[in-house]
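For reference, the structure discussed in these notes is given below.
Residues: numbered from 1 along the sequence shown.
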Amino acid sequence: PATYVSGDGSNTITFAYLVQPGDSDLDGITLQGTLNLGSGTLRNAQGRDASVVFTPPNTAGLLVDGIDPTLDEVVIAANRGLYSTGQILRFTATFSEPMRVAGEPRIVLTVGTAKRYATYVTGDQTNVLVFEYQVQAGDDAPGGIVAASYISRNRGAVTDLAGNACDLNFTPLDLTGVRIDNGPPTVTGVATTAVDGHYKAGDVIPLTVSVSEPVIAGSSLTLVLDTG
């Protein structure tokens, strides 16, 4: 119940209710049309008891939410594969209820040896927040990127519409398949399956060239041999 705060000796009596953890009334609170005196009294200066019946005001707009929101999941919306300068890596965070965002929360990324950030871009007052990172020149992570397992508030705030805070930790993401490559491919090795021996005209000596990443090879490529 709302308890008495002040007003003795005046014609205005103040009551207050402290919202409790777990309270929830998202379609508006309602007031009963009577004052509960309990063991107290409500009288005028002449000692006459006051009527405790009243017409309740419209309190449909007073919404109560004493339940903390939860971060249900964070996923990467981008396809696994190879990314280069200018392309977008998009992450979506789904919450148990609509959230309000202040500032620029972000997800910390490790791209190769560099620290990067997927920054909040949209979703305020919905239950899905979107974070994006645009690949920069010089980024290189052929073995996949790594994301921290939490959303950093970054001096901002992520709360539900009532202002309840949220635990922003989430299950670590496997991003080994999200690779970034801004460097040219390189030859990493040349080998042959041919055995040592003599080869006459018409014999084929097979040679295999290993490259640091998949490449498109033209039919006019040649490998120079010294047969002299």
Notebook entry, point to check: Between D174 and T176, is any side-chain donor less than 3.5 angstrom from a side-chain acceptor?
Noted result: yes
Tracing side-chain contacts under 4.5 Å among Ile, Leu, Val, Met, Phe, Trp and Tyr outward from L26 reaches none
*Under 4.5 Å between any side-chain heavy atoms of F91 and L173, yes or no?*
yes
Check your understanding: Does the side chain of P105 come within less than 4.5 Å of N154's, by heavy atoms?
Key -> no
Report the C-alpha separation of L225 and L207 in whole Å, then their side-chain angles, then the decisive distance to 0.1 Å, and conclude whether the side chain to side chain contact (heavy atoms under 4.5 Å, CB included) test is met.
-> CA-CA 11 Å; L225 303 178; L207 296 162; 3.8 Å; yes
### Query
Is R116 positioned over the aromatic face of Y133, cation under 6.0 angstrom from the ring centre and no more than 45 degrees off axis?
no
Minimal heavy-atom distance between F131 and A93, with the atoms involved, is CE1-CB, 4.0 Å
Heavy atoms of T159 and A165 approach each other most closely as CG2-CA, 4.4 Å
task = Tell me whether Y17 is reachable from I29 by hopping between hydrophobic residues (I, L, V, M, F, W, Y) whose side-chain heavy atoms are closer than 4.5 Å.
result = yes
dist L168:CG -> S152:OG (nearest 0.5 Å) comes out at 9.0 Å
ask   = Is there a side-chain contact between Y83 and D139 (heavy atoms, below 4.5 Å)?
value = no
Open item on the list: If you count every heavy atom of other residues, nucleotides or ligands that lies below 6.0 Å from Q32 atom CD, does the total exceed 12?
Closed with: no
Note: with side-chain heavy atoms under 4.5 Å as the link, the other cluster members for L37 come out as Y4, I13, F15, L35, L42, V52, F54
Subject >> Hydrophobic cluster membership, V215 vs V209, 4.5 Å side-chain cutoff >> reply: yes
Side chains of V190 and L223: does their closest heavy-atom pair fall under 4.5 Å?
yes
Non-hydrogen side-chain atoms of D124 and T122 separated by less than 4.5 Å
no
Legend entry - Heavy-atom side-chain proximity of R100 to Q125 below 4.5 angstrom: yes
Less than 3.5 Å apart, any donor N or O on the side chain of T70 or D72 sitting next to an acceptor on the other? yes
| task | Flag the pair V101 / L129 as yes when at least one side-chain heavy-atom distance between them is below 4.5 Å, and no otherwise. | result | yes
**Prompt:** Does some side-chain heavy atom of L71 sit less than 4.5 Å from a side-chain heavy atom of I151?
**Reply:** yes
Item to complete: Test I145 against I180 for side chain to side chain contact (heavy atoms under 4.5 Å, CB included), laying out the working first.
Response: CA-CA 8 Å; I145 66 173; I180 296 176; 3.8 Å; yes
